[in-house]
Amino acid sequence: MAETLFTSTATAKGGREGHVQSSDNVVSFDTAMPGTKRAKELENSTNPEQLFAAGYAACFDGALQLVAGKEKVKFDSEVTANVSLQKDETDNGFKLAVKLEVKGTGIDQDKLQELVEKAHQVCPYSKATRNNIEVTVQAV
C-alpha cells in the first residue's frame, strides 16, 4: 500500500446546479452548467470541468518543474488545461477530453517538448486519466 502524503476533501450538493465546498472552506463555489439561466444569474459559478482543469493545470505544472529540476533546467512555465465535456456515443452519456498547452520562457522549444512528455509520465492527473480519456499535451 502506498504512503498517503495528504488527503483533500470536498463535498458537492446539487451536482451541476448546486454548490461545492472543501473541508477547509478555501473552495466554496456555486455550480452551474455553462449557458444556463443559473449560470447567467450566478456570475461567479463554476462547473466540474473548470475545477478539473484548474487542478490538472496546477498538478501538471508542478510535475513539469519537478522533471526540469531533476535535469537542472530552469525556466518559467505556464500550463493551460482545456477540459471539454463531450457526448459519448458509446453509451449516450458524456465523457471528458483534455488538451494541455504548455508555455515555457527561457527554454528551447525542443527541450520544453521533451520535458512536457516526461512530465506527462509522472503527473498524478496524467496517470489517473491515462487510457481513460483523450489527453493531448503540447508545448506551445
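Worth saying up front: this structure is predicted, and the values here are computed from it rather than measured. For the single chain, residues carry numbers from 1 onward in sequence order.
- Put simply, Val140 and Leu100 are part of two different groups of oily side chains (I, L, V, M, F, W, Y) that touch within less than 4.5 Å, one to the next.
- Within 6.0 Å of CD in Glu134 there are 12 or fewer heavy atoms belonging to other residues, nucleotides or ligands.
- Atom CG of residue Leu112 and atom CD of residue Glu117 lie 10.0 Å apart, to the nearest 0.5 angstrom.
- Of the possible polar contacts, one joining the Ser22 side chain to the Val26 backbone as a donor-acceptor pair under 3.5 Å is found.
- Proximity of Val20 to Thr11: side-chain heavy atoms (C-beta onward) are nowhere separated by under 4.5 Å.
- With a 4.5 Å cut-off on side-chain heavy atoms, Glu17 and Thr36 count as touching.
- To the nearest 0.5 Å, atoms CG (Leu96) and CG (Asn132) are separated by 10.5 Å.
- The shortest distance between side-chain heavy atoms of Lys118 and Glu71 falls below 4.5 Å.
- Across all their heavy atoms, Gly104 and Phe75 have their closest contact at CA-CD1, 4.0 Å.
- Residue Phe29 comes nearest to Asn44 through the heavy atom pair CD2-O, 4.1 Å, listed as atom of the first residue, atom of the second, then distance.
- Heavy-atom neighbours of Lys87 NZ from other residues, nucleotides or ligands within 6.0 Å: above the threshold of 12.
- The two residues Gln65 and Ser77 come nearest to each other via the heavy atoms NE2-OG, 2.8 Å.
- No chain of hydrophobic side-chain contacts below 4.5 Å, direct or via other Ile, Leu, Val, Met, Phe, Trp or Tyr residues, connects Val135 to Leu51.
- Taking 4.5 Å as the limit, some side-chain heavy atom of Val116 sits within range of a side-chain heavy atom of Phe60.
- A single hydrophobic cluster is seen to contain both Leu85 and Tyr125, as judged by linkage of ILVMFWY side chains at heavy-atom distances under 4.5 Å, directly or through other members.
- To the nearest 0.5 Å, atom CD of residue Gln113 and atom CD1 of residue Ile107 are 10.5 Å apart.
- Residue Gly18 comes nearest to Arg38 through the heavy atom pair O-NH2, 2.8 Å, listed as atom of the first residue, atom of the second, then distance.
- Under the 4.5 Å side-chain heavy-atom criterion for ILVMFWY residues, a single connected hydrophobic cluster contains both Val137 and Val79.
- Between the side chain of Asn82 and the backbone N or O of Lys99, at least one donor-acceptor pair lies under 3.5 Å.
- A salt bridge between Arg16 and Glu49 is present, with a side-chain N of the basic residue lying under 4.0 Å from a carboxylate O of the acidic one.
- Rounding to the nearest 0.5 Å gives a distance of 8.0 Å between CD of Gln21 and NZ of Lys13.
- In the hydrophobic clustering of ILVMFWY residues, with side-chain heavy atoms under 4.5 Å counting as a link, Val102 and Leu66 come out apart.
- For the pair Phe52 and Val98, the minimum side-chain heavy-atom distance is below 4.5 Å.
- Between Pro34 and Ala39, the shortest heavy-atom contact is CA-CB, 4.3 Å.
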Practice problem: List the steps and the verdict of side-chain contact (heavy atoms from CB on, under 4.5 Å) for Val67 and Gln121. | Solution: CA-CA 10 Å; Val67 168; Gln121 297 307 307; over 6 Å; no
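- Annotation for Glu78 and Asp61: closest pair N-OD1, 4.3 Å, computed over non-hydrogen atoms.
- Using a 4.0 Å cut-off between charged side-chain N and carboxylate O, Glu114 and Lys111 make a salt bridge.
- Taking NZ from Lys72 and NZ from Lys74, the interatomic distance works out to 10.5 Å, rounded to the nearest 0.5 Å.
- The shortest side-chain heavy-atom distance between Lys40 and Lys37 does not fall under the 4.5 Å cut-off.
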